[in-house]
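Data block below; observations after.
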Amino acid sequence: MRAYNFCAGPAALPTAVLERAQAELLDWQGKGVSIMEMSHRSSDYVAVAEKAEADLRTLMNIPDNYKVLFLQGGASLQFSAIPLNLLGKNAQADYIHTGIWSEKAIKEAQRYGQINVVEAGSKVDNKFAITDESTWSLSDNAAYVHYCENETIGGLQFSHIPTTTAPLIADLSSSILSAPIDVSKFGLIYAGAQKNIGPAGLTLVIVRDDLLDQAKPEIPSLLKYAAQAKNESMVNTPATYAWYLSGLVFEWLLEQGGVDAIHKINQQKAELLYDYIDASAFYNNPIALANRSLMNVPFTLADSQLEKLFLEEAEKNHLLNLAGHRSVGGMRASIYNAVPLEAVQALVSFMDEFAKRHG
Ligand code: PMP
């Protein structure tokens, strides 16, 4: 039996995708070898890579003036790659601070330029929230504005895309493909794969063409978007298996009806869980309504002494990885695209039964 996996990342993958990968593992399409054992320059592999990109472009409706790059190093390497690529002509940037991941991006960027940090986290009625952008002091001459659209650890998400004059750069690691998003509003989008895209080891970068000529001269060539774009993300050997498997996830998403369809299911899942938590005196979610995350739902128990027991019993019920991030504690259910509605239904039943016994 496959358990229900609420891990924040590496996260659940669709069972159908894993079954297909399993069926193709030893002998990919009659070639007598695994896709992992093929040259990334072979016509067979290049076709797989190109299909994955084409499907992603369809899913996200990515305009032609954007390059899609399939890179390595995780979202964290992009914390360095972005300033190295974009601060070559103007070394100033604005960074919106809303939580742990935006803070990590800020720390790295500060090594490369003059970073104006906009503190956008607040507390309203004892709930965490994001301040209205009308209160932010953005610079007049920033090369770009960076923000983290969904803070995976805090469970704090923007309710809309901020309006900026400088190109907007978004960390979409934990929200990409969960809901429709207008790519044309962004200068650059990046995301580690291991939540809504595929296995760890792959990082997506979607970058507008006019931002490709602003790199610092000392940038490592592997990190340089212009070089990766010119070489179809194959300046060196890419993460071939993760790229292939992500392509299978894109095909699966298209079969589900695309991002609009999966978004509707995601809304049902989130509503079910948040409504249950809100109605319960035993559980609490610490986020203001407008900024609740669609993908990552943190919650606490009325008595934190019960956390260990909650996790043990959840695991016995095949509900895995519900512990909050080690830096904040509490619980967190990550309900990415591959987590079905039935998983959330099972979680809510378990939570209710646990609260009745211990509340
Ligand atoms: N940004 C966000 C929003 C994340 O959730 C994560 C990982 N959980 C990262 C960045 C870092 O990703 P990686 O481990 O791929 O470097």
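Small disclaimer: the values here were computed from a predicted structure and weren't measured. In each ligand, atom 1 is the first atom listed, and ligand 1 is the first ligand listed.
- Residue Gln267 places its CD atom among more than 12 non-hydrogen atoms of other residues, nucleotides or ligands, all under 6.0 Å distant.
- Atoms of ligand 1 lying under 4.0 Å from at least one heavy atom of Thr152, given by number and element, are 2 (C), 3 (C), 4 (C), 5 (O).
- The shortest heavy-atom distance from Gly9 to ligand 1 is not under 4.0 Å.
- By the 3.5 Å distance cut-off applied to N or O atoms, Lys195 is counted among the residues near ligand 1.
- Residue Cys148 has at least one heavy-atom neighbour below 4.0 Å for each of these atoms of ligand 1: 3 (C).
- Counting heavy atoms under 4.0 Å from ligand 1, residue Ala8 does not touch it at all.
- The shortest side-chain heavy-atom distance between Lys67 and Ile206 does not fall under the 4.5 Å cut-off.
- Take Asn65 and apply the side chain to side chain contact (heavy atoms under 4.5 Å, CB included) test, not counting sequence neighbours, and it matches Pro63, Arg208, Asp209.
- The shortest contact between atom 1 (N) of ligand 1 and any protein heavy atom is with Asp171 OD2, 2.6 Å.
- Counted within 6.0 Å of CZ on Arg326, heavy atoms from surrounding residues, nucleotides or ligands total 12 or fewer; the atom is thus considered open.
- For Ser178 against Asn196, the heavy-atom pair with the smallest separation is CB-ND2, 3.7 Å.
- The shortest non-hydrogen separation linking Thr15 to Arg2 is OG1-NE, 2.9 Å.
- Distances below 4.0 Å separate heavy atoms of Gly74 from the following atoms of ligand 1: 15 (O), 16 (O).
- Ring orientation note: the planes of Tyr147 and Phe158 are nearly perpendicular, at an angle over 60° on the 30°/60° scale.
- Salt bridge status for Lys316 with Glu312: absent, with no side-chain N to carboxylate O gap under 4.0 Å.
- Ligand 1 is never approached by Glu149 to a heavy-atom distance shorter than 4.0 Å.
- Near Asn150, meaning under 4.0 Å from any of its heavy atoms, are these atoms of ligand 1: 3 (C).
- Each of the atoms 10 (C) of ligand 1 lies under 4.0 Å from some heavy atom of Phe79.
- Centroid-to-centroid, the aromatic rings of Phe350 and Phe310 come within less than 6.0 Å.
- Polar contact with ligand 1: present for Ser76 (N/O pair, distance under 3.5 Å).
- Of all atoms in ligand 1, listed by their number and element, those nearer than 4.0 Å to a heavy atom of Gln194 are 13 (P), 14 (O), 15 (O).
- Put simply, no part of Thr203 is less than 4.0 Å from ligand 1, judged by heavy atoms.
- Side-chain rings of Tyr95 and Tyr144 approach one another, their centers coming within less than 6.0 Å.
- Each of the following atoms of ligand 1 lies closer than 4.0 Å to a heavy atom of Ala75: 9 (C), 10 (C), 11 (C), 12 (O), 13 (P), 15 (O), 16 (O).
- Atoms of ligand 1 lying under 4.0 Å from any heavy atom of Ser173, numbered from 1 in the order shown and given with element: 1 (N), 2 (C), 3 (C), 4 (C), 10 (C).
- In Tyr190, neither the side chain nor the backbone holds a heavy atom less than 4.0 Å from any atom of ligand 1.
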